[in-house]
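This report refers to the structure that appears directly beneath it.
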Amino acid sequence: MGLPGFEYAAAVFTDPTVISLIVVGTFVGVVVGALPGLSSSMAVALLLPFSLYLDPIPSIAFLSALYCAGTFGGSITAILINAPGAPPAAATAFDGYPMAQKGQAGRALGTATIASVTGGTISVLVLLFAAPLLARVAYSFGPAEYFALAVLGLSMLATISGDARLKNLIGGCLGLLIATVGIDLTTGVERFTFGVAELFDGIHFIPVLIGLFAVTELLTQAQHLGRKRNIVMLSAMKLPTLADIRGVMGTILRSSGIGTFIGILPAEGSTMAAMIGYNEAKRWSRTPEEFGHGAIEGVAGPEAANNAATGGAMVPTLALGIPGSATAAVILGGLQVQGLRPGPYLFQEQPALLYGIFFAMLLANLLFLVIGLIGAKVFSRLSLVPPALLWPSVLVLCFVGAYGLEQSMVDVWVMVTAGLLGLGLKRYGFSAAPIVMGLVLGGLVETSLAQSMIIFDQQWAGFLGRPIALVFFVLALGSILGSPALKLLRAVGARGAAQSKKRP
């Protein structure tokens with residue numbers, strides 16, 4: 001790539017037009033990402049036609065800024081009103097919203113901002129120097145590897161939320177069941193569609209997400225309207241301290257690595273990265289019992305992972321012409337319309353363009369650091385709005401978000417049903433996290449398994465010849481057995497210590 005690429009990258013930081021477009025893209029991305037049901041992919045798709053009148057670098061810089069900022073923006077409403085603005089922010093709501101309820105909205109938003117910027121910056125820096133190598137790793141993944149990766153994700157169901165392992169497993173199975181709705185791509189058989197044409201493509205993720213989080217919380221709050229409300233004072237606007245940042249930096253760095261790797265895998269994207277980042281944050285935490293009740297690590301982990309995945313997703317998009325996420329697919333279309341040819345030749349023919357894209361994403365991350373930290377105190381004031389005004393507004397946004405996805409009333413009914421289901425499950429101690437995890441991984445499990453069995457001629461032994469898949473299977477086994485084994489070792493250690501004290 002050489003010196004010309006760096007010269008063009010430097011031009012990105014000195015061109016007023018590019019800077020202005022990145023600033024506008026970052027601001028619009030944060031706002032759109034914060035609205036429940038509206039995602040960065042939707043924002044990029046809507047604004048793509050306007051970017052076609054620009055040169056390649058300004059156009060892709062604008063779309064990349066939208067992508068990065070939109071992923072972060074979803075954490076704002078996830079933390080403040082338990083309504084994730086975008087699917088990747090679902091995991092952030094698990095601990096972000098309890099922190100806001102405790103009067104720590106600013107602390108949660110500030111942590112999310114710093115984790116997001118750190119994750120996004122690390123992924124861009126990694127990609128800047130290692131994109132060709134990482135692209136070759138992702139290119140070696142086939143259906144068997146994707147199935148093994150999905151199994152690894154499912155193995156985390158028992159530990160992703162709370163200590164009720166059986167309830168978590170039941171919730172994950174429910175998510176998998178929801179994911180089976182629609183036409184089976186392998187056999188062409190309709191499943192659970194009941195003749196409704198809108199369900200042929202399956203149940204969309206966003207209406208279920210809005211229902212399980214926002215509508216369920218709205219119904220819960222409606223039950224408490226007559227009770228005295230705990231007033232959240234201005235302490236809600238306080239940002240995280242240096243001690244907070246030092247305490248979660250290990251989580252941020254670990255989740256950034258996870259998110260970058262997951263993002264590189266074609267078609268995975270930020271949502272799965274956030275879920276795995278959250279689970280690993282809990283696994284490595286010294287206080288895992290606090291997760292789900294307002295653990296600051298539970299905000300830092302998924303936010304670092306999902307923003308790191310945005311940079312990772314650009315690797316297969318640029319190096320292979322295979323979109324790393326839904327938003328990257330839209331950006332891929334923008335590149336092709338600009339007359340560019342994404343793939344291995346892009347690294348040889350357009351090194352300056354690649355440097356320009358990566359540095360534009362880096363600048364976008366630095367910009368929403370400023371927007372996030374300054375805006376955290378402003379956004380956190382939302383927690384002071386009286387419920388009688390706040391929640392009706394949230395309900396309107398829920399309906400708009402669910403309907404706006406496909407302009408279908410079926411999605412609205414899916415959202416309402418998911419909200420009622422979530423309320424019932426919450427009453428009996430079930431968490432929404434395993435359901436979301438099962439729903440996210442359900443399609444990948446089914447499709448990759450069917451493709452693998454076709455390739456292996458229906459012989460399960462075929463997986464034994466795939467070393468990467470075997471590594472994921474071993475990790476999944478360790479995930480399942482690790483927690484019980486650790487508890488057993490602790491119990492044995494405690495028993496031995498008790499017996500040694502009894503000895504004279």
Hey, does the side chain of [X] reach the backbone of [Y] with a donor-acceptor pair shorter than 3.5 angstrom?
| X | Y | result |
| --- | --- | --- |
| Thr287 | Glu289 | no |
| Lys167 | Tyr428 | yes |
| Asp244 | Thr241 | yes |
| Asn306 | Pro302 | yes |

**Inter- and intrachain pairs under side chain to side chain donor-acceptor pair (under 3.5 Å), touching residues 115-125, at least two apart** =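 Those involving residues 115-125 are Ser116-Glu303, Ser116-Asn307.
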Separation of [Y] [atom2] from [X] [atom1] (nearest 0.5 Å):
| X | Y | atom1 | atom2 | value |
| --- | --- | --- | --- | --- |
| Leu218 | Leu395 | CG | CG | 5.5 Å |
| Thr310 | Phe72 | OG1 | CZ | 12.5 Å |
| Lys282 | Glu297 | NZ | CD | 12.0 Å |
| Asp95 | Gln104 | CG | CD | 11.0 Å |
| Lys426 | Leu212 | NZ | CG | 11.5 Å |
| Ile76 | Thr92 | CD1 | OG1 | 11.5 Å |

State which residues pass side chain to side chain contact (heavy atoms under 4.5 Å, CB included) with [X]; sequence neighbours excluded, sorted by chain then number.
| X | result |
| --- | --- |
| Ala108 | Ile79, Met99 |
| Ala305 | Ser255, Ala273 |
| Arg246 | Leu242, Ala243 |
| Thr17 | Asp15, Leu21 |

**Request:** Quick one: do Phe291 and Phe94 satisfy ring-ring contact (aromatic ring centres under 6.0 Å, His included)? Show the steps, please.
**Result:** CA-CA 8 Å; Phe291 276 65; Phe94 299 156; over 10 Å; no
Considering all heavy atoms of both residues, which atom of [X] and which atom of [Y] are nearest to each other, and what is their separation?
| X | Y | answer |
| --- | --- | --- |
| Ala91 | Ala274 | CB-O, 3.9 Å |
| Pro98 | Gly292 | CG-O, 3.8 Å |
| Gly443 | Ala179 | N-CB, 4.1 Å |
| Ala69 | Gly25 | CB-O, 4.4 Å |
| Gly442 | Leu176 | CA-CD2, 3.5 Å |

Would you mind reporting whether [Y] and [X] have side-chain heavy atoms less than 4.5 Å apart?
| X | Y | answer |
| --- | --- | --- |
| Thr251 | Trp284 | no |
| Leu80 | Leu109 | yes |
| Ile122 | Leu253 | yes |
| Met415 | Asp411 | no |
| Ile262 | Ile258 | yes |
| Ile435 | Leu439 | no |
| Leu423 | Val215 | no |
| Ile252 | Ser256 | yes |

**Item:** Derivation and outcome, side chain to side chain contact (heavy atoms under 4.5 Å, CB included), residues Phe62 and Ile22
**Value:** CA-CA 5 Å; Phe62 174 64; Ile22 292 176; over 6 Å; no
**Request:** Could you please spell out the steps behind the side chain to side chain contact (heavy atoms under 4.5 Å, CB included) verdict for Ile114 and Val248?
**Result:** CA-CA 10 Å; Ile114 293 171; Val248 299; over 6 Å; no
Per-pair distances, 0.1 Å, donor-acceptor, side chain in residues 358-373, under 3.5 Å, sequence neighbours excluded:
residue: Asn365; atom: ND2; partner: Met361; partner atom: O; Å: 2.8

**Item:** Mutual orientation of the aromatic rings belonging to Phe472 and Phe261 [parallel < 30°, tilted 30-60°, perpendicular > 60°]
**Value:**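 Because their plane-to-plane angle lies in the 30° to 60° range, the rings of Phe472 and Phe261 count as tilted.
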